[in-house]
Each structure stands twice: as structure tokens, then as C-alpha cells.
Amino acid sequence: MAKLIEALLHDHANMQKLLAALERQIRTFDNGGIPDYEIIEAVVQYCLTYPDSCHHPREDAIYHRIATKPQWDGAVHDLLSEHAELATLTREVARTLDAILAGRDMPRDRVMRTMREFLEAYRHHMAMENEFFFPNAEKILDDDDWSAIEAELKEVEDPLFGPTLEKRFAALAQDVLDWDKS
């Protein structure tokens, strides 16, 4: 398996943990409780930074390379538009969270709809990539293609799961760690 695909699959596994953490907090909110907004905010901030600055550009680079190959059938032609849609959904979740934290009245059903749409879109997108896009890339691209892709990418450290944990993600990291232990 290509090193880049392994890294992207690892990112997806980490993202599943974050989505689960967000879902636990949203469930608390939906049940009338007070969620840990620090954890929600950290998930949103992570999604606003790492996926858009590192993860999705890596996938986009693979997509652009694979799209030049005659054996590519365009089975996931909407990958780039899905990345744009995820960015839009993430910004909408961020605006919703900002409104809640600012004390503005937000209808519970609207908050839940926004959060569920975000969770569903991310999970669907990652499943499509894991099941279709990555296997097709592995079949179609050769070692020279992978080398060329990696040469054009800049290295960006994961601020949560990388070697240096950014302080703003400390509570989220602890939540994920605690949940993994249970």
C-alpha cells in the first residue's frame, strides 16, 4: 500500500474518533443536557484547520493525478466538490456553535439538523474514499505517480494526533483517550 494512502487511512481513523466525540456531545445536547462546548469547539476547530490544510489537499493531489490516467473511469468524480461541501458544512457548524456560545437563541432542531448533516456528510465521504477512491488509486497509480504526488505536497503536522499536541486540543485529546480506554 502506498505510504500516502496509509497516512490518509490513519487520518480517517482519527477523524472517526473525533466524530464519535462530537456525536457524544450532541447526544447530550439533544437529551436536554449541557454538552462540553470545549470539546465541540475543538472538533470544529480541528476540522477547520487540518483536513482543509493537509488532508484534503493530499486527496486532491491524488485525484488530479489519477484523473489523467486512461484507466480512470471517474467513479468518484465529485471528490473535489465533496471537499468543498465539507468545508462549507464545517463553517456552518462553526457559525452555529459561535451563536450558541454567544448566547443567541438557537432552535434545538436547527442545531441538531446542522450537526447531524455534518456528521453524516463526513462519514459518507470517508466511506466512499476508503471503499472506492483509495483502492482505485492503488490499482491505477504506479510508484512514479506516488513519488510525484508526494513531491508536490508540503508537510503539515497534525495538531491533535501528531507529535506535538496543540494546547487548544488538549481537552479533546483527553476525551478521545478516555473514550478509547472505556
Side-chain angles (χ1 to χ4, degrees), residues 6-60 76 78-134 156-182:
E6 286 180 16
L8 292 169
L9 288 169
H10 184 71
D11 284 352
H12 282 189
N14 288 337
M15 190 64 184
Q16 291 290 4
K17 293 175 184 178
L18 298 184
L19 295 177
L22 177 61
E23 192 165 42
R24 287 189 298 276
Q25 298 305 319
I26 297 310
R27 196 174 312 119
T28 297
F29 178 82
D30 194 32
N31 291 332
I34 299 173
D36 186 331
Y37 287 110
E38 185 178 6
I39 290 173
I40 296 172
E41 189 170 33
V43 171
V44 172
Q45 286 305 310
Y46 181 86
C47 291
L48 286 170
T49 55
Y50 186 73
D52 285 342
S53 69
C54 181
H55 182 85
H56 291 157
R58 289 176 177 180
E59 292 171 340
D60 293 349
V76 285
D78 57 353
L79 180 79
L80 303 178
S81 64
E82 283 189 19
H83 286 166
E85 181 180 329
L86 288 174
T88 299
L89 284 170
T90 304
R91 288 189 302 273
E92 178 62 25
V93 168
R95 284 190 294 274
T96 299
L97 180 59
D98 288 346
I100 291 169
L101 294 175
R104 291 195 293 273
D105 191 28
M106 293 291 295
R108 186 172 294 276
D109 64 327
R110 179 175 163 207
V111 171
M112 291 306 300
R113 186 173 50 253
T114 300
M115 296 297 182
R116 286 186 179 126
E117 183 179 357
F118 172 81
L119 289 165
E120 183 180 315
Y122 248 105
R123 287 181 171 140
H124 177 268
H125 176 74
M126 289 188 299
M128 178 277 298
E129 289 176 337
N130 292 351
E131 295 170 27
F132 301 107
F133 182 63
F134 295 156
V156 177
E157 190 175 292
D158 187 319
L160 174 59
F161 295 102
T164 305
L165 174 65
E166 288 186 15
K167 187 177 180 178
R168 63 186 170 149
F169 296 120
L172 177 58
Q174 190 62 52
D175 181 74
V176 168
L177 183 64
D178 289 347
W179 189 259
D180 281 348
K181 287 180 184 177
S182 62

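Please read these numbers as outputs of a predicted model, since none were measured by experiment.
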**Request:** For side-chain hydrogen bond (donor to acceptor under 3.5 Å, both in side chains), just list the numbers for Glu59 and His55, CA-CA rounded to whole Å, side-chain angles, deciding distance to a tenth of an Å, and then say yes or no.
**Result:** CA-CA 7 Å; Glu59 292 171 340; His55 182 85; 2.6 Å; yes

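Proximity of Ile100 to Val111: side-chain heavy atoms (C-beta onward) are separated by under 4.5 Å at one or more points. A 4.5 Å side-chain heavy-atom check between Met15 and His125 finds every atom pair outside the cut-off. The closest side-chain heavy-atom distance from Arg123 to Gln16 is below 4.5 Å. Using a 4.5 Å heavy-atom threshold, the side chains of Leu160 and Glu166 count as separate.
For Phe118, the ring-ring contact (aromatic ring centres under 6.0 Å, His included) partners at least two apart in sequence or on another chain are Tyr122. Shown here are the side-chain hydrogen bond (donor to acceptor under 3.5 Å, both in side chains) partners of Glu6, two or more places apart in sequence or in another chain: there are none. With sequence neighbours excluded, no residue satisfies salt bridge (Lys or Arg N to Asp or Glu O under 4.0 Å) with Glu120.
One distance of note links CZ of Phe161 with CG of Leu172; it measures 6.5 Å at 0.5 Å rounding. The line from CZ of Phe29 to CD1 of Ile40 is 8.0 Å long, rounded to the nearest 0.5 Å. To the nearest 0.5 Å, the span separating CD on Glu82 from CG on Leu80 amounts to 9.5 Å. Interatomic distance, Asp158 CG to Asp11 CG, rounded to the nearest 0.5 Å: 6.0 Å.
What you find for Ala94 and Val44 is that their closest heavy atoms are CB-CG1, 3.6 Å. Closest of all the heavy-atom pairs between Leu79 and Met128 is CD1-CE, 3.8 Å. Closest of all the heavy-atom pairs between Pro51 and Tyr46 is CD-O, 3.0 Å.
Residues Asp30 and Arg116 are paired through a salt bridge, judged by an N-O separation under 4.0 Å between the basic side chain and the carboxylate.
Ring planes of His56 and His83: parallel class, angle under 30° (limits at 30 and 60°).
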